[in-house]
> 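Below is the structure I would like to discuss, written out as structure tokens.
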Amino acid sequence: MENGRYGIHGGQYIPETLMNEIKNLEKAYEFYKNDKEFNEELDKLNREYAGRPSLLYYAKKMTRDLGGAKIYFKREDLNHTGAHKINNCLGQALLAKKMGKTRLIAETGAGQHGVATATVAALLDMECEIFMGKVDTVRQALNVYRMELLGAKVHPVETGTQTLKDAVNECMREWTKRPDDTLYLLGSVMGPHPFPMIVRDFQSVISREAREQILELEGRLPDVVMACVGGGSNAMGMFHEFINDKDVRLIGCEAAGEGVDTDRTAATIATGTLGVFHGMKSYFCQNEYGQIAPVYSISAGLDYPGIGPEHAYLKDIGRAEYVPVTDEEAVKAFEFIAKEEGIVAAIESSHAIAHLMKIAPQMSKDQIIICCLSGRGDKDVAAIARYRGIDLHE
Amino acid sequence: MSRIDKIFENRKAFIAFITSGDPSIEKTKEFVLEMEKAGADLVELGIPFSDPIAEGPVIQDANIRSLSAGTTTDKIFEMVKELRKETDMPLVFMCYLNTVFRYGYEEFCSRCEEVGIDGLIIPDMPFEEKGELLPITKEHNLELVSMIAPTSSERIRMIASEASGFIYVVSSLGVTGVRSEITTDIRAIIDEIKAVTTTPACIGFGINKPSQVSEYTEYADGAIVGSAIIKIVAEHGENAGKYIYEYVKEMADAAHS
């Protein structure tokens, strides 16, 4: 990577008002990422607060019942706050603190990143404001209350499609109003450089651990490493340390919504085209005039019309493959893993599990899959019940 | 001498912004001509975008009204082509980079030249990223307007020294919109710009009163007004023409006196 570019993707396409702040962040990160004290502090928080390392769990029943490859789950759902989001939030909030910032703002889709941000803000004694699409505040009402409980102020965003992309728009607007004391704690491997790099680095703890764990358990590398992809932070974290292991297949699972041949989809790689949006050059769901398309997925966390620039690059060079998974497939996977393994997985992660259910039976018994179980699904139970026609509200 | 250079020759400039296609493409044409009649020296034509991250609520709503009315980049090009038959006033596009990128840099700039657009203002393309578009704009005689913000500090000289056409000086932090008070020391920013370039510097964001225009044009080369005009369109819709004329007249007179 050079100047924040991944091939042709990435860059810093943001208003001039934010340029100095983005440069400051870049400088601060370049310094602290090699700072011993910073890394020790972060490591301590990861271990003693977030509960790392997360388990690499062998799913014996699923392996048996799918009848193919050996299945391992990287259990990010067991982290404090119930998802991988905490990895990035601890890192960025600590960085913000070192930079002298006193206030964190963040976007959230499903609410997981908002909860994680509110959590670290409480822990590190910082002010916190969360921007969340109004539609998502309804879909994930419990998480809104959770954030408020943690001391954050939640702003329902009523512009545009009232989902994740609009929450990002509003965060960018808010950041241009008050850049001095505020860090925009971006939740995914997207946005202007250095965010895609910073978020990837903090999330790479997932694959650093998983690589060591599988070598210890199996004495060999996995054949497939997979994860769900919206903006792509858990996938980037899951892929990163395996990128140089050329024999490891990397698979990202996008939200196809009602199908990639409908307009009710959020599968960026399958249906998107090259564009410049939210500070980065990458692939986006958009029309011929570059208007960003309203996207749809049952999963609020994958309901985003773009994908991080490094994923776009991995796709371009053929290092990673990206596959679409529908709502229906994801819901079936959600139900399957609950009954098989006694794990209620996030509907986001269930997209990866759905694809795993397709490929595992076609693989041989001596092959290994590691799938990132990026979050737990308590937040989704009511929505899945409603999807199945049960009138259940939180 | 280009159409843009000419407006700064003898006097301070009043620059007006309007979102194309709000409430309709036909009306935009009429409003632009009203603004010219009222004394506007240059008009920025906004191309509506689904996600205008640098805009406040007033212009966001105008973008939605325009897109809902079916406005497209091609329809705007057609409108400008017609408009050019009736006016020689400089016209620039204010648009987000994705609009230009999706159309194709070469295709977009050559269409601009063909219909008589004089320049581009792209709020999400900062100094560091302009390299991919600048040579193409030059080839098609378009000015790529540079923006300078209250936070630019040591970047001011870097940006100003390479600027051409005019410089858009953002008066305040945050997004576009009417403000009751502007606290930035804009004068200091203008002084720093003047130290490195003769390219005219115009102030925008938050301006809505003739007294502000008078004050800023004492030291800057022009004042830019957007949200206040869009508010008139929002209020009067298709009948906004005469209200726009009255308002722009008052504001332009303040710049010219």
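Per chain, numbering begins at 1; letters A, B, ... match sequence-line order. Bear in mind the structure is a predicted one, so any value in this text is a computation, not a measurement.
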> So, are A:E16 and B:R155 salt-bridged, with charged N and O less than 4.0 Å apart?
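Here A:E16 pairs with B:R155 in a salt bridge, since their nearest N and O are under 4.0 Å apart.
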
> Relative to the ring of A:Y283, is the ring of A:H9 parallel (under 30°), tilted (30 to 60°) or perpendicular (over 60°)?
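Rings of A:H9 and A:Y283: tilted, 30 to 60°.
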
> Can you tell which of B:D74, B:I148, B:D61, B:T99 has the highest number of heavy-atom pairs within less than 4.5 Å of chain A?
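When all of B:D74, B:I148, B:D61, B:T99 are compared, B:D74 has the most.
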
> Return the option, out of B:G56, B:S50, B:A149, with the maximum number of heavy-atom pairs under 4.5 Å with chain A.
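Result: the option with the highest number of such pairs is B:S50.
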
> One pair to check against ring pair (Phe, Tyr, Trp, His ring centres under 6.0 Å): B:F108 and B:Y103. What are the steps and the verdict?
CA-CA 6 Å; B:F108 187 91; B:Y103 206 91; 5.8 Å; yes

> Is there a donor-acceptor contact under 3.5 Å from the side chain of A:Q291 to the main chain of B:P48?
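The answer is yes, because a donor-acceptor pair under 3.5 Å joins these two groups.
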
> Stepwise, does the side-chain hydrogen bond (donor to acceptor under 3.5 Å, both in side chains) test hold for A:T163 with A:D136?
CA-CA 6 Å; A:T163 59; A:D136 293 337; 5.2 Å; no

> Looking at A:R178, A:K281, A:R173, which makes the most heavy-atom pairs under 4.5 Å with chain B?
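With the most close heavy-atom pairs to chain B, the winner is A:R173.
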
> Tell me, for B:F49 versus chain A, whether the close heavy atoms (under 4.5 Å) come from the side chain, the backbone, both or neither.
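The answer is both parts of B:F49.
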
> Given that the side chain runs from C-beta out, which part of B:S153 has a heavy atom under 4.5 Å from chain A: side chain, backbone, both or neither?
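Both parts, heavy atoms under 4.5 Å.
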
> With a 4.5 angstrom heavy-atom cut-off, which part of A:E288 approaches chain B: side chain, backbone, both or neither?
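For A:E288, backbone heavy atoms alone lie under 4.5 Å from chain B.
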
> Among B:T19, B:T71, B:T73, B:N63, find the residue that satisfies the side-chain contact (heavy atoms from CB on, under 4.5 Å) test when tested with B:I47.
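Single pass found, and it is B:T73.
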
> Counting only non-hydrogen atoms closer than 4.5 Å, does A:F277 touch chain B with its backbone (N, CA, C, O), its side chain (CB onward), both, or neither?
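Interface part for A:F277: side chain.
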
> Using heavy-atom distances under 4.5 Å, tell me whether A:D180 contacts chain B through its side chain, its backbone, both, or neither.
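No part of A:D180 comes within 4.5 Å of chain B.
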
> I need the residue from B:V100, B:V175, B:I122, B:V170 with the largest number of non-hydrogen atom pairs under 4.5 Å to chain A.
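Heavy-atom pairs under 4.5 Å are most numerous for B:V175.
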
> If you count heavy-atom pairs under 4.5 Å between each of B:Q60, B:M125, B:E55 and chain A, which one has the most?
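Highest number of pairs under 4.5 Å: B:Q60.
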
> List the steps, then state whether ring pair (Phe, Tyr, Trp, His ring centres under 6.0 Å) holds for A:Y304 with A:H278.
CA-CA 11 Å; A:Y304 181 70; A:H278 280 165; 5.8 Å; yes

